[in-house]
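Down below is the structure, laid out as structure tokens.
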Amino acid sequence: MSQFMADIRISLADALRAALIAAGIDLPAGFQAGLERPARREHGDWSSNAALAVAKGAGRNPRELASELAARLEEHRSEHVAEVSVAGPGFINFRLAPSWLHGVVADAVAAGVQGYGRQSLGGGRTVIVEFVSANPTGPVHAGHGRGAAYGDAVARLLAWCGYDVHREFYINDRGTQMDLYAASLAAVSVGQPVPEGGYNGQYIVDWSAEMPGEADPRQWGRERALADQREVLGSMAVEFDTWFSEQALVDSGAIDDTLAALDAVGASYESNGALWLHSSDHGDDKDRVLVKSDGEYTYLLPDIAYHRDKLDRVGPQGLLINVWGADHHGYVARMKAAMAALGCDPDRLEVVVTQLVRLERDGEEVRLSKRTGDLIELRDVVDEVGADATRFTYLLQSMDTAPTFDLAMAAAQVMDNPVFYVQMAHARVCSIAARARADGVVRPSIQQVDLGLLVHERELEIMRQLSMLGEVIAAAASERAPHRVTAWLRDFAAAVHGFYHDCYVVGSGIPPDLTQARLVLIDAARVGLAVGLGTLGVSAPEAM
RNA sequence: GCCCCUGUAGCUCAGUCCGGACAGAGCAGAUGACUUCUAAUCAUCAGGUCGCAGGUUCGAAUCCUGCCGGGGGCGCCA
């Protein structure tokens, strides 16, 4: 939150507290005056339920208490507060003066695309966001796409909020699935059928044909799959700082260290020839196998070692965020149990489970891909709808919902496509600035522009929305909910389109002073749109 | 049977964590608005037992309990 915005909120809270004390209310320890943005415009710019909250304890009528508080607040109101009023059962509403909104505009322009809406809540804390982590046994599919868009957006939001963020992809390059994949490639390359439980699909045929005869199908297949995954993810601008190999972890001896650590705390035991994790001691439904009776590791054991490694890397204050698909939800309890057994605070490991996406095209479900013989490839989604629309569409809703992604709709360059609507708002604002330049409008410094001329309802609405961006970003980051930004962008874009429609910036009928003020306003609007889109990893085009 | 997510307008969804003011958008529907910066837009109208039933509260879409519906998961696979 900018200093300017923070000051407004703090000054309102302080004034409220002072008024409560002056009214003879005994405030409970740690009392925070509740201040929020009212849902309805008529209720002002900020609203407090403080009178409602304390009335009962003080034996007062809430409405009367609110009136008394409002009268006191009116008496001592600061320069940016235009009006204090009482409404409903006892809400105290603050209406801010336009001067406050003009400060928001100046703030946004000064901070710019690289700074507006930045928050400091991370305090430099290190966080590893692990996402996608598809098996290197084939192309990434559409479901991975949602995790990719989400994980990257969370990473961007956290970085914008002052976290030291690392993006990581865990490569499951050993184990049963890898064996089956290698065997499938090897078999098909010599014209043999795919082994039982192996991988089918056209890509196996294509890749095995590419594979040199002397290549190790395991090693070659791993590289081939990773190259394919990296390429597709890169095409939607998702890049990782670290691609972490499970095999390398095993080779490093970390597994033995982890087994020793688990043994040392009595968290493992042998039964029926296998080694078990006593995860039921830490909230899991039942115990889990670490080492199978044939001596092979399960998926779980290297994963525990991997999380130990990550925890070590982020340090004692650091945080791990994992993005897993809905089909892995049952795995959360055992992973947290393992962390708890090792003496780590389980709250330092956050697992976000993303629900499944249903893919449609013009209302018809699309389920199977020709090339993989199974799920739709992410490549096909990006090819059909484009990187920006793919990301934005994946981030339209909360990760707790299982939405429908209509490919035709997302690809359409029409007004009912939200990504297009938002990007268009940015392009329009840029086009106005370009027109001003083309018309030879000379821009003085912002200090010489009279922002007080911005009083049109359309202008005020842009400024109000813009003033909320910092709060929205902070909420989106701390709730790991990028869709909050998506929702804000749609509202903000609507305000920009409305302004565009009703308020001309350049032209013969517009007074030069107003042109200048509105040019500053659209600079601020451009900053807001670009920052919002940026936190989602969606581009902000200057023309469409 | 157990676990996770979910049920809000005809459709797609915000809002639920942290309880407040007549429940918000977009699309679809109806009706309007451009001699000027991209009509790829804007405005107005209409549309809802917030799955159901109890409970807590001054106040419940939001918290608690129970039921019903939808999705996903319950391997010595990953």
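Every heavy atom of this structure was used, including side-chain atoms; hydrogens, water molecules and symmetry mates were not. Below, read A as the first sequence line, B as the second, and so on, with proteins coming before strands; counting in each chain starts at 1. Because the structure is a prediction, the values reported are computed rather than measured.
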Looking for any heavy atom pair under 4.0 Å, which part of the strands does [X] touch: base, sugar-phosphate only, or nothing?
X      : answer
A/D303 : nothing
A/P62  : nothing
A/H497 : sugar-phosphate
A/R484 : base
A/H328 : base
A/A543 : base
A/V353 : nothing

Need the pair for [N]. Rule: Watson-Crick or G-U wobble, both distances under 3.5 Å, any strand; none if unpaired.
N     : answer
B/G59 : none
B/A30 : B/U44
B/C13 : B/G24

- Query: Can A/F91 be classed as stacking with the base of B/G20, given a centroid separation cut-off of 5.5 Å and a plane angle cut-off of 30°?
  - Reply: no

- Message: Is the base of B/C42 stacked against the aromatic ring of A/Y500, taking ring centres under 5.5 Å apart and planes under 30° as the test?
- Response: no

Proximity to the side chain of [X] - top-ranked nucleotide from [options]:
X      : options             : answer
A/M544 : B/C77, B/C13, B/U38 : B/U38
A/D327 : B/G20, B/G73, B/A14 : B/G73
A/H43  : B/G72, B/A21, B/G75 : B/A21
A/H501 : B/A33, B/G73, B/U6  : B/A33
A/Y421 : B/A78, B/C37, B/U41 : B/U41
A/N93  : B/C13, B/A21, B/U38 : B/A21
A/Q177 : B/C77, B/C76, B/U16 : B/C77

Does the [N] base have a donor-acceptor partner in the side chain of [X] within less than 3.5 Å?
X      : N     : value
A/D173 : B/A78 : no
A/H329 : B/C74 : no
A/S47  : B/A21 : yes
A/E479 : B/C17 : yes
A/S431 : B/C37 : no

Tell me the interatomic distance from [X], atom [atom1], to [N], atom [atom2], rounded to whole angstroms.
X      : N     : atom1 : atom2 : answer
A/W276 : B/G75 : CH2   : C1'   : 10 Å
A/F492 : B/G26 : CZ    : C1'   : 18 Å
A/D285 : B/G75 : CG    : P     : 10 Å
A/R428 : B/U36 : CZ    : P     : 13 Å
A/D502 : B/U36 : CG    : P     : 14 Å
A/W488 : B/A14 : CH2   : C1'   : 16 Å
A/D294 : B/C76 : CG    : P     : 12 Å
A/I92  : B/G20 : CD1   : P     : 17 Å

- Query: Within the pair A/R458 and B/A43, is there a side-chain N or O less than 4.0 Å away from OP1 or OP2?
  - Reply: yes

- Task: Classify the angle between the aromatic ring planes of A/Y199 and A/Y181 as parallel (below 30°), tilted (30 to 60°) or perpendicular (above 60°).
- Result: perpendicular

- Hey, do the aromatic rings of A/Y150 and A/F131 have their centres closer than 6.0 Å? no

- Pi-cation contact, A/W46 with A/R9 (under 6.0 Å, within 45°): no

